[in-house]
Amino acid sequence: MAHSHPELRAPNTLEADSLRIVTLGGLGEVGRNMTLFEINNEIFIVDCGLLFPKEHQPGIDLILPDFDYLHERYHKIKGIFLTHGHEDHIGAIPHLLSYLPIKDVPLIGSRLTISLVSEKLKERKLTAPIRIVKEGETLKLGEYQLEFVAVNHSIPDALAALITTKAGSILITGDFKMDQLPLDNRKTDLVRMEEMGKTGIDLLMVDSTNADVPGFTVPEKDIKPALEKYITESKRRVIVASFSSHVHRVQQVLDIAVKTNRKVAFVGRSMVRNMGLAEELEYLHVKDGLLVEYKDIDKFGDEVILICTGSQGEPLSALYRMANGDHPIVVGPGDTVILASSLIPGNENSVFSIINELTRLGAKVVHKGNALVHVSGHAAAGELLYFFNTLKPKNLLPIHGEWRHLRACGELGIESGISRKNIFTIENGIVLDMKAGKIEVAGAIHVGYIFIDGPTIGEITEDSLKDRRILGEEGFISVILVVDSADGKIVAGPDIHARGFTEDDSLFGDVKAEIETALARAVASGANAAPQLEKVLRKTLGAWAGEKQRRKPMIVPVVVEI
Ligand SMILES: [Zn+2]
Ligand SMILES: [Zn+2]
């Protein structure tokens, strides 16, 4: 898909000591975050994530950043820094490593982040040099001087990075908020950031996801009373659905389980894997004897909590299958299901249908719409303002958001005193150059959508997605006609078959006569070759379906000449 600035041309060759910033994903969308920095023939990458498809992209499993820009430049890559372990930041790493013809690009990140990436690499038998870093640490990578700063988010061990080059300094936050009472007491390091502000930050690249949410995100700890209330009140079992990487949320449920004498089982592959890893690395603290295998759960009667995946209504998840009676765990009256999760835009329909199904089965369903069982992982407007005032960046590039988020973040920047001309609300592919701390739009490159559809990876065209939508929503009609190649006379047909259009084939009775008349007219005018007759078939059927049936099915005419 072309960028929306056709007036922008490809950027010129990069000058010496100029830093180029190219965003391959994450602008105008929540997902597939990936930013490239380039100076003096050295590229440094921050994040490489996945985007989950929307309802208007039927059949698509996942969407990747477009790596094409790296095609001719891969040899320049010095390293890839991963801010935290969420799929929208690390999920495309296996695809990038498979794409690159070189195998020595180091992956840099915190212990938890790198552990989660390593699991992915292991599954696909990929390897890469690893560099584990922590807050306060610095690292020199060719032209890039890096310093890592603690930030908190809905997964432990998230890091921001201060990137200093000959062209100036950039702070990229990754995803963050400013929980002042985090479970692990690891706060966003405002003290260090204020010092950075005093030295001068030329560009702040900031998480804008919640820029249009007023006020401050409440602490993670604030959801504990509601969780405890519903777990205590539950007559039978409790099922808690959450993101499989939300270690602190799971920790709170474990703590309540201990207090209320319930056993806990993890359900779902990613939940079992991630929590096993988190416990091993001591991010998750589990009391001896608390955890049981979910297969043994019946031995413990009703005094159990099942923690599972599927809070977004994902069709293969444990919760989805429970709601649809397709899981060994049978949900029934007296059970309480808690969706301790956000509602990612686009997933509403699937989530509401799960809530309905679970309610129908007799369960009590608690979710963020009726109780405080979820808080966001992203800084709201109040936190962002506070942050801008502390850091006083010269330029602002809102990242990680749809247009409404990016714009709202930019407006907050202006309110905090950053000049409008120093705020860059841009789309993927728009290239910024920084020299001596000054930033300019240098041009634009093409950034496409790379779709994963089953085993194939590629740039599926918008036309083929449109075909899928038509097939899904309007159905399909095929019409087959056999004609004599000598005189164009109909030998057999038209034979009309439909799928997903009508149950009643007699409906086609009246259009058959119309088709025969149209064909006779075409043949009489000399338009009797197969492609011309196919056109007549498509046009006549299409007009009939539109006018008489108010439908726009996909029409596939086939004319066979004998
Ligand atoms: Zn995140
Ligand atoms: Zn994110």
Side-chain angles (χ1 to χ4, degrees), residues 23-35 45-54 62-65 80-93 96 109-117 120 135 148-161 171-179 182-184 186 188 204-213 217 220 242-250 270 274 278 283 309 311-312 340-347 374-380 383-384 387 397-406 408-409 428:
T23 307
L24 298 184
L27 299 182
E29 59 199 2
V30 174
R32 61 168 194 158
N33 297 284
M34 184 169 181
T35 308
I45 299 173
V46 176
D47 286 338
C48 182
L50 291 173
L51 174 66
F52 294 94
K54 297 247 163 72
L62 294 165
I63 305 169
L64 301 175
I80 305 170
F81 167 58
L82 303 164
T83 56
H84 64 286
H86 279 153
E87 287 298 317
D88 59 326
H89 298 259
I90 64 168
I93 282 288
L96 177 63
S110 70
R111 201 161 60 108
L112 181 62
T113 308
I114 290 296
S115 304
L116 290 166
V117 176
K120 287 181 187 296
E135 52 267 33
F148 305 99
V149 194
V151 290
N152 63 36
H153 182 41
S154 47
I155 186 169
D157 228 2
L159 290 171
L171 181 69
I172 181 163
T173 63
D175 293 358
F176 85 114
K177 60 175 172 177
M178 294 191 198
D179 192 337
L183 263 76
D184 58 2
R186 184 179 175 275
T188 294
L204 172 64
M205 295 177 64
V206 66
D207 172 7
S208 66
T209 312
N210 273 355
D212 62 351
V213 177
T217 307
E220 170 70 22
S242 169
F243 285 117
S244 64
S245 58
H246 206 322
V247 177
H248 290 165
R249 185 116 341 140
V250 170
S270 60
N274 289 353
Y283 292 95
T309 53
S311 60
Q312 296 304 311
S341 54
S342 63
L343 195 48
I344 294 176
N347 297 345
H374 171 73
V375 295
S376 174
H378 302 272
E383 284 150 278
L384 290 174
F387 188 55
L397 169 51
I399 55 171
H400 204 280
E402 297 175 359
W403 263 104
R404 60 200 167 103
H405 310 125
L406 304 177
C409 186
N428 294 329

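Both counts, for ligands and for their atoms, begin at 1 and track the order of listing.
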Contacts of Glu383 that satisfy salt bridge (Lys or Arg N to Asp or Glu O under 4.0 Å) - sequence neighbours left out = none
Are His400 and His89 near enough that their ring centres are under 6.0 Å apart?
-> yes
When rounded to the nearest 0.5 angstrom, what is the spacing between SG in Cys409 and CZ in Arg404?
-> 13.5 Å
Have a look at His84 and tell me which of His378, His153, His246 forms a ring-ring contact (aromatic ring centres under 6.0 Å, His included) with it.
-> His153
In the protein, N/O/S atoms that are found under 2.8 Å from the Zn ion (ligand 1), waters not counted | His84 NE2, His86 ND1, His153 NE2, Asp175 OD2
Any donor-acceptor N or O pair under 3.5 Å, side chains His405, Thr209 = no
Does a donor on one side chain and an acceptor on the other come within less than 3.5 Å for Asp207 and Thr173?
-> no
Would you mind naming the N, O or S atom of His400 nearest to the Zn ion (ligand 2)?
-> NE2
